[in-house]
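Every chain is numbered from 1, with letters handed out A, B, ... down the list of sequences.
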Amino acid sequence: MPSSVNHSRFGVRLRSVNFMESSPVVAQRLIGALLLVNGVGGVIVETEAYDELEPASHGFSGQTPRNAVLFGPPGRAYVPLSYGLHWSLNIVCREAGHAAGVLIRALEPTVGIPRMRRRRRHTELSMLCAGPGRLAQALGITGALNGRRVDAAPFRIVSAAEPPKIVRGVRIGISKAKERRWRFGLSGSAFHSQPFR
DNA sequence: CGAACGATTAGCT
DNA sequence: GCTAATCGTTCGA
């Protein structure tokens, strides 16, 4: 695991993430952080930012029962189903009143790897948490966690002790606002869902 | 009220 | 590279 991540509960300086910032800022602050759900997870290596003011966001067309969590308090998990099949984990953030969120797209698996392998039917390590659907499956994330605070159980987020080197690119799998470079990655990671260029 | 379409993935060619 | 799987939401008639 990268030395920039403090996995010790006796660490000297554990920064927490402020979710009252714009989603692109929060998306970058989450890179290199340790994310656990029920004690299982790893280092966040890929995120994307979304904001209700741009058409790629689930919040763009206004509040619905599905996306209601995005319009609620920051620091909550927004867990929608995509393609009728896959859950995904977002963290709600809010700056200037915008309904916004950060999609967690990939982890470097570090804690509870056997558990994740069982949930994912023994996929190879580099594919365990590479992509929002795979990550949700590996960590056992479903709609049951929608709206839950991410600073309390079953979540645990420990941010990187030092700012990591971050790469940036366009978001994946969207048809609108394609040119916006709101995808962020941990530089040099072998655990991205797709390469950065 | 029916049709189209996703912030995707696995499996096959 | 192509496509099926699968369902809530959105959009047009």
| request: Select base, sugar-phosphate, or nothing to describe what A:R66 touches, counting heavy atoms under 4.0 Å on all strands. | output: sugar-phosphate

| field | First-last contacting nucleotides on DNA chain C - partner chain A, under 4.0 angstrom, heavy atom | value | C:dA5 to C:dT10

| message | Could you tell me if A:Q137 and A:R119 have a donor-acceptor pair between their side chains, going purely by distance under 3.5 Å? | response | no

| message | If you take any heavy atom closer than 4.0 Å to DNA chain C, which residues from residues 130-141 of chain A end up in contact? | response | none

| message | Counting only side-chain heavy atoms from C-beta out, which of B:dA7, B:dG6, B:dT9 sits nearest to A:L103? | response | B:dA7

| Those residues of residues 68-82 of chain A lying under 4.0 Å from DNA chain B by at least one heavy atom | A:S82

| said: Quick one about A:D51 and A:H98 (side-chain donor to acceptor, distance below 3.5 Å, no hydrogens or angles considered), yes or no? | reply: yes

| query | Under 4.0 Å between a side-chain N/O of A:R121 and OP1 or OP2 of B:dA10, yes or no? | reply | no

| request: Specify the closest pair of heavy atoms between A:M127 and A:R134, including all atoms of both residues, with the distance to one decimal. | output: O-CD, 3.4 Å

| message | Can you check the distance between B:dC5 and C:dA13, where both ends of the measurement are the P atom (answer in whole Å)? | response | 14 Å

| message | Restricting to salt bridge (charged side-chain N to carboxylate O under 4.0 Å, His left out), what partner residues turn up for A:R94, sequence neighbours left out? | response | none

| What distance, rounded to whole Å, do you find between the two C1' atoms, one in C:dG1 and one in B:dA7? | 22 Å

| task | For DNA chain C, write out the stems as range with range, using runs of 3 or more consecutive Watson-Crick or G-U pairs with both distances under 3.5 Å. | result | B:1-6 with C:7-12, B:8-12 with C:1-5

| query | Among residues 175-183 of chain A, which residues get a heavy atom nearer than 4.0 Å to DNA chain C? | reply | none

